[in-house]
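What follows is one structure encoded as structure tokens, with my remarks underneath.
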Amino acid sequence: MFSKILIANRGEIALRVIRAAREMGLSTIAVHSTADSDAMHVRMADEAICIGPPPATSSYLNVSAIISACEITGAEAIHPGYGFLSENASFAQIVEDHKIKFIGPSAAHIRIMGDKITARETMKNLGVPCVPGSDGGVADLRFARAVAEQTGFPLIVKATAGGGGRGMKLARSLEELETAFRTARAEAKATFGNDKVYLEKYLGAPRHIEVQVFGDGKGNAVHLGERDCSIQRRHQKVFEEAPGPTIDAETRARIGEICTRAVADIGYEGAGTIEFLYENGAFYFIEMNTRLQVEHPVTEAVFGVDLVREQIRVAAGKPMSFAQEDLQVNGHAIEVRVNAEKLPEFSPSPGRVTQYHAPGGLGVRMDSALYDGYSIPPYYDSLIAKLIVHGRDRPEALARLNRALGEVIVDGVDTTIPLFRELMLAEAVQTGDYTIHWLEQWLESHPG
Ligand code: MV4
């Protein structure tokens, strides 16, 4: 096992990793920008090193400063958290080249899944069901038309370097295909420096269901069920739950086994998420995330495992601490993402938090790096807390969410908490009957 790890991140996820490391007896190094000198992760870690000025490109994305921080402190491994460098294959490679352990999958696996055409092809070959569409890239309009003939309309043109909703264009008919194809390519070139695109049949009203997988890097893997993350706005998840309200045990086992076999076959290491669109009882692979996700705590709650501890274990060459038969869904968990944002525009609301009070009690977890008097800097993501509730069943989790939302105090900045208090009372949330489009429609009818 390592004795010292460096956390290349900030905010609640840095605390999350520090906590797991500390329970394992490891010492922790925080890195921070000059804007984060007073941040909680700096206070909570055993040591802290400043890696640059406020902009992330100069600090949390500053590869040489982070490698130097490892060498200066003697950190043996880096946990990247989520965002920032967590899915940067070149960074993972540089870390490996410096004989530092990257806590996560190999650079090769990150690279494969970062290119959506390669990811799709890889998954298809591994027996994972994909959205009907092109096999590989679509280099010209003639070929796009040929694929369309096979697949039918509506179609979606996606950038291979995209993901998370970036670089997609809808074509409802043959007439729209030319514009969609050209603009998708031009935007992909401008945004990612890569104009490769592919085509998929457009699914009209699916749910976003993602399967949590975990591998030991030696050909053993498990799944930890699914999360339903359909409630989102502009590709930002807002409310996530496990298990999926429409997924029964048999369906979970079936898609879970497909995903487990896929990651075992490639010798995947660490935590991963296989994302699907789910419509009319069928799963369609769209992307794989090769990192720990923001919403991992709902899975931790229902399976009773510490995913970060597990990441660190397998990175150190230890076996996973559970087998598939040890993993059973227990109850229901919901996470809401609390952002420092002003409604109805969802505009960033940085500033000083004059009073902070986290909710507590049975089945309530608040992951946050806030404290009384903390100033939220304007340079980074607006996520300031994740409220995770766990109950014996979905109604109990919802009741607990309602209760916990009433306890939270975050004064001095605007937050999305008032939104959640209303949102969770909506019929579709209460029944679990929603798709990826539900929230944006609901917001239109609830502009206040
Ligand atoms: C789609 C789709 C419909 N059909 N692909 C958006 C994010 C990216 N991960 C994939 N996305 C979509 N891909 C096909 N073939 C609809 C979306 C989509 C979406 C997916 C998941 C969660 C929220 C979404 C919101 C709008 C569109």
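Side chains are part of it too, since the values below use all heavy atoms of this structure and drop only hydrogens, waters and symmetry mates.
Taking each heavy atom of V294 and K386 in turn, the nearest pair found is O-NZ, 2.6 Å. Annotation for H41 and A30: closest pair O-CB, 3.5 Å, computed over non-hydrogen atoms. Closest approach of M113 to I266, counting heavy atoms only: CE-CD1, 4.2 Å. The heavy-atom pair separating A159 from V197 by the smallest distance is CA-CG1, 4.1 Å. Pairing each heavy atom of F2 with each of E76, the nearest pair is CA-OE1, 3.6 Å. Of all the heavy atoms in A184 and V157, the pair that sits closest is CB-CG1, 3.6 Å.
At least one test fails for R120 against the ring of Y198: distance under 6.0 Å to the centre or angle within 45° of the axis. In this structure, R234 forms no cation-pi arrangement with F346, as its terminal cationic atom is not both closer than 6.0 Å to the ring centre and no more than 45° off the ring axis.
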Between side-chain atoms of residues 242-250 and protein atoms elsewhere (two or more places apart, or another chain), which donor-acceptor pairs fall under 3.5 Å?
residue : atom : partner : partner atom : Å
D248    : OD1  : E250    : N            : 3.4
D248    : OD1  : T251    : N            : 2.8
D248    : OD1  : T251    : OG1          : 2.5

Counting only pairs under 3.5 Å, give me each side-chain donor-acceptor contact of residues 94-101, with atom names and distances, residues two or more places apart or in other chains.
residue : atom : partner : partner atom : Å
D97     : OD1  : Q93     : NE2          : 2.9
H98     : ND1  : I94     : O            : 2.8
K101    : NZ   : E269    : OE2          : 3.0

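A donor-acceptor contact shorter than 3.5 Å links the side chain of R400 to the backbone of H390. Side-chain N or O atoms of T28 include one that pairs as donor or acceptor with a backbone N or O of D46 at under 3.5 Å. Of the possible polar contacts, none joining the T416 side chain to the L419 backbone as a donor-acceptor pair under 3.5 Å is found. A donor-acceptor distance shorter than 3.5 angstrom exists from the side chain of E279 to the backbone of A205, with no hydrogens or angles considered. Not one N or O on the side chain of N125 forms a donor-acceptor pair closer than 3.5 Å with the backbone of T122. Without hydrogens or angle criteria, E226 side chain to R252 main chain gives no donor-acceptor distance under 3.5 Å. A donor-acceptor pair under 3.5 Å is formed between the side chain of R207 and the backbone N or O of Y434.
For the 3.5 Å distance criterion, the side chains of S33 and Y380 qualify, holding a donor opposite an acceptor. Looking only at atom types and distance, the side chain of D36 has a donor-acceptor partner in the side chain of Y60 under 3.5 Å away. Side-chain contact, R227 with T299: a donor N or O sits under 3.5 Å from an acceptor N or O. A donor-acceptor contact closer than 3.5 angstrom links the side chains of E341 and S382. Checked by atom type, the side-chain pair H332/E241 shows a donor-acceptor distance below 3.5 Å. In this model, a donor atom of one side chain and an acceptor atom of the other lie less than 3.5 Å apart for Q324 and H223.
T290 places a side-chain heavy atom less than 4.5 Å from the side chain of Y268. Counting only heavy atoms from C-beta outward, the side chains of L370 and M40 never approach each other to under 4.5 Å. Side-chain contact between Q311 and F214 is present, with heavy atoms from C-beta onward closer than 4.5 Å. Contact annotation: the side chain of F276 never approaches that of P206 to less than 4.5 Å [non-hydrogen atoms, C-beta and beyond].
Expressed to the nearest 0.5 Å, how far CD1 of I436 lies from CG of D228 amounts to 11.0 Å. Expressed to the nearest 0.5 Å, how far CG of L307 lies from CD of E300 amounts to 4.5 Å.
The residue from R19, R313, R16 that alone fulfils the salt bridge (Lys or Arg N to Asp or Glu O under 4.0 Å) condition with D306 is R16. Each of Q236, Q232, E240 was checked for a side-chain hydrogen bond (donor to acceptor under 3.5 Å, both in side chains) with R337, and the lone residue meeting it is E240.
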Given the rule in the side chain to side chain contact (heavy atoms under 4.5 Å, CB included) test, do D367 and L15 qualify, once you have shown the distances and angles that lead to the verdict? CA-CA 8 Å; D367 276 16; L15 304 195; over 6 Å; no

Determine, stepwise, if the pair Q293 / Q212 fulfils side chain to side chain contact (heavy atoms under 4.5 Å, CB included). CA-CA 9 Å; Q293 295 206 227; Q212 177 72 57; 5.6 Å; no

Check step by step if side chain to side chain contact (heavy atoms under 4.5 Å, CB included) holds for I274 and V263. CA-CA 10 Å; I274 307 188; V263 295; 4.1 Å; yes

Report the C-alpha separation of T435 and S230 in whole Å, then their side-chain angles, then the decisive distance to 0.1 Å, and conclude whether the side chain to side chain contact (heavy atoms under 4.5 Å, CB included) test is met. CA-CA 6 Å; T435 71; S230 301; 5.8 Å; no

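No salt bridge links D115 with K196; every basic N to acidic carboxylate O contact stays at or beyond 4.0 Å.
Ring orientation note: the planes of F91 and F102 are nearly perpendicular, at an angle over 60° on the 30°/60° scale.
Aromatic ring centroids of Y278 and F283 lie under 6.0 Å apart.
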